[in-house]
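In this chain, residues are counted from 1 in sequence order. As the structure lists them, so they are numbered: ligands from 1, and atoms in each ligand from 1. Given the structure is predicted, the values throughout are model-derived calculations rather than measurements.
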Amino acid sequence: MRTDYLIIGSGVAGLTFALKIANHFPERKVTIITKSEEAESNTKYAQGGVAVVIDEIEDSYDKHIQDTLLAGDGICDTDIVEMVVTEGPKRFKELVSWGAKFDKNPDGDFDLGKEGGHSENRVVHHKDQTGFEIERTILKQVNRTRNITILEYHFALDLILQNNRCYGVYVMNENDGTIEICKAGYTILATGGIGQVYGHTTNPEIATGDGIAMAYRANAKIKDMEFIQFHPTALYDETSVETFLISEAVRGFGAFLRNANGQRFMFDYDARGELASRDIVSQSIYKELKERQEKCVYLDCTHLDISEFNHHFPMIYRHCKDLGIDIAKEWIPVVPAQHYLCGGIVVDKNGKTSIEHLFACGECSRTGLHGANRLASNSLLEALVFSDRIFKYISSTSLISLTVNHEFSEWHPIQKGEIPPNYLKTTEEELQLLMRENAGIVRNDADLLSAKARLTALQKEVEGKYNQYQITTSLCELRNMIQIALLIVEQSLQRSKNCGGFLKINHSVVF
Ligand code: FAD
Ligand code: SIN
């Protein structure tokens, strides 16, 4: 395979870049490879919306910038924050021009929701399924674009490099297991998040950190992996393996957080109460649960206008109803769950990684926008702005054609036996438990050190299996997740100062 622009991942980041570059260069070849069906992504599940300054009377760029910096707890890159916030409205209008529908109020203006850490209402949304609407819209445009090819069920295994320049990837066709070289002029990693490393996550199954692991193996710079964002309000449901999110916009709509005694505890921790930033709310819930030996806290919506609630959050309303929770009368049980990775592959303001011709965009990248804790609804915004920056940068530089001189060794073609499926399942479960117990909301060096030792042993073991058995998606994902876990644990050990979503204590300190 040979393409001019290779994009790995079909969420908002990958699709937006692909659409722009393909329309700009209709004679050039754009290829998207994606490991599941084309719409499957974290993007598809985004609920709350996109944070963007639309209301220029109450709101301002400065307020959005300050909110982002405050949430990031002192380690955001201020230039990047300013750039993303001020470019946001243009990118949002572009999305609307492609056909994305965002809710409007009776005056015909965009309805602006509120979420934790925002000092103003500024979150544009499509009910509680904003990501689904965005994914649907961009995919429709992509599918209409003649020079874009989407290869579904194709798994990117590893980057192909020579002298710190990326020439594409090794890719496995998951339908038949064949492994090919895909050569590209430019490669864009848009592989999303890492939630499956924790198991208890709002992320879907595809979120295994493949792009970051690949970039790490290629010696790209990876940073801020210790800043794992835990969303405060995932539905507490012991009967389900999947974790359903109750959007922060529900608290923006007026829902209260209560402990089992019925106390609205958030004001004990922060003057903003339920609308403090996500790191603070999750850490406060953690403390409530530890102190009271409870399994969950509750979101109380019983005082709200339920027909309005249903109008704004139909999916959440229906999901609760299907589980027998009548939100007009009952509180919704919730717990924090892994939700987002603030760090990742280090990129500059044009999405360039430390490897030539390799870019990264979206959740797999570390741009400097989020610092130690992402402000709610700033992720879709970041992907929209950075995919545009990458497009503008790449389209202004000349495409260096791939010459025949660039030949790369084929993937070892030997057919080997299949790995026992039980091994993959039990090892993945062990990894997830290890990460939940040792690298969760509150960490300590002793636990991190013992996790590191076990992860190092697991990595050695899985690396052995990787060389011994036939390569499958699950085996590669497990290998990648162990690498991601090690990065999280090692970077957590290296950080000495607590900030944002990172909280490390000594055993002797009572939290
Ligand atoms: P994704 O959308 O995750 O796409 C990654 C793509 O890469 C997928 O297509 C995947 O299949 C593919 N891929 C991965 N590895 C490989 C591989 N090895 N080979 C080939 N393909 C691969 N953010 C907001 O700003 N606002 C919100 O309201 C919001 N709500 C959220 C709600 C939920 C439940 C979740 C999970 C996240 C939410 N987020 C929200 C975060 C936001 O949705 C994501 O950060 C963002 O969509 C990431 O987009 P992306 O394009 O970087 O990655
Ligand atoms: C949510 O709707 O609570 C998720 C928003 C986000 O992750 O930014």
Side-chain angles (χ1 to χ4, degrees), residues 6-17 32-52 71 113 115-118 123-126 128-132 134-135 138-139 150-158 169-172 174 188-196 201-214 229 231-234 242-252 278 281 313 316 337-342 344 360-365 370 374-384 386-387 473 476-477 480:
L6 172 65
I7 297 115
I8 306 167
S10 55
V12 59
L15 292 178
T16 309
F17 170 78
I32 302 174
I33 67 173
T34 192
K35 68 176 172 178
S36 183
E37 61 95 12
E38 58 182 10
E40 190 56 3
S41 55
N42 273 7
T43 300
K44 184 176 140 188
Y45 299 92
Q47 293 187 359
V50 188
V52 67
E115 292 181 54
H118 288 277
V123 181
V124 289
H125 54 90
H126 178 100
D128 50 2
Q129 288 189 282
T130 309
F132 189 89
I134 291 175
E135 184 75 17
I138 316 178
L139 251 183
I150 301 195
L151 298 173
E152 293 179 299
Y153 299 100
H154 277 64
F155 188 95
L157 294 166
D158 261 317
V169 293
Y170 288 103
V171 55
M172 175 170 63
E174 295 172 276
I188 288 84
L189 289 170
T191 47
I194 59 105
Q196 291 304 321
T201 175
T202 62
N203 295 186
E205 280 185 6
I206 53 99
T208 53
D210 303 338
I212 302 171
M214 268 188 272
Q229 182 166 77
H231 196 292
T233 58
E242 277 161 23
T243 303
F244 181 78
L245 180 71
I246 309 287
S247 175
E248 200 154 298
V250 168
R251 273 175 283 134
R278 224 168 252 182
V281 182
F313 308 109
I316 293 172
Q338 191 287 342
H339 182 63
Y340 185 81
L341 172 67
C342 299
C361 191
E363 191 166 339
C364 69
S365 67
H370 309 308
R374 171 173 69 91
L375 182 67
S377 287
N378 263 359
S379 170
L380 295 169
L381 174 71
E382 179 190 55
L384 290 170
F386 270 87
S387 53
T473 302
C476 295
E477 287 178 337
N480 289 335

Original post:
Do the side chain of Asn42 and the main chain of Gly192 share a donor and acceptor less than 3.5 angstrom apart?
Top reply: no

Original post:
What atoms of ligand 1 come within less than 4.0 Å of a heavy atom belonging to Tyr340?
Top reply: 45 (O)

Subject >> Non-hydrogen atom of Ala376 closer than 4.0 Å to ligand 2 >> reply: yes

**OP:** Answer with side chain, backbone, both or neither: which part of Arg278 has a heavy atom less than 4.0 angstrom from an atom of ligand 2?
**Re:** side chain

Subject >> Ligand-residue contact atoms, ligand 1 with His154, heavy atoms, under 4.0 Å >> reply: 19 (N), 20 (C)

Original post:
Quick check: does Gly48 get an N/O under 3.5 Å from an N/O on ligand 2?
Top reply: yes

Original post:
What about Arg374: any of its N or O atoms under 3.5 Å from an N or O on ligand 2?
Top reply: yes

Original post:
Short list, please: which atoms of ligand 2 are under 4.0 Å from a heavy atom of Glu115?
Top reply: 1 (C), 3 (O), 5 (C)

Original post:
Relative to ligand 2, is Leu245 under 4.0 angstrom through side chain, backbone, both or neither, heavy atoms considered?
Top reply: side chain

Original post:
Going by the order shown, which atoms of ligand 2 are within less than 4.0 Å of some heavy atom of Ser377?
Top reply: 6 (C), 8 (O)

Subject >> Shortest reach to atom 16 (C) of ligand 1 by a heavy atom, considering only Asp210, Ile33, Ile7, Thr43 >> reply: Asp210

Original post:
CZ of Phe132: more than 12 outside heavy atoms within 6.0 angstrom?
Top reply: no

Original post:
Going by distance only, is there an N or O of Gln47 that falls short of 3.5 Å from an N or O of ligand 2?
Top reply: no

Original post:
Can you tell me how far CG of Leu189 sits from CE of Met214, rounded to the nearest 0.5 angstrom?
Top reply: 5.5 Å

**OP:** Give the numbers and elements of all ligand 1 atoms closer than 4.0 Å to a heavy atom of Gly362.
**Re:** 52 (O)

**OP:** Could you find the nearest protein heavy atom to atom 2 (O) of ligand 2 and give me its residue, atom name and distance?
**Re:** Ser247 OG, 2.7 Å

**OP:** Starting from atom 7 (O) of ligand 2, locate the nearest protein heavy atom and write down its residue, its atom name and how far away it is, to 0.1 Å.
**Re:** His339 NE2, 2.7 Å

**OP:** Run the salt-bridge test on Glu382 and Arg374 with the 4.0 Å N-O cut-off and return the result as yes or no.
**Re:** no

Subject >> Min side-chain heavy-atom separation Glu37-Tyr153 under 4.5 Å >> reply: yes

**OP:** Only one of His370, His339, Arg278, Gln338 passes side-chain hydrogen bond (donor to acceptor under 3.5 Å, both in side chains) with Gln229; say which it is.
**Re:** Arg278

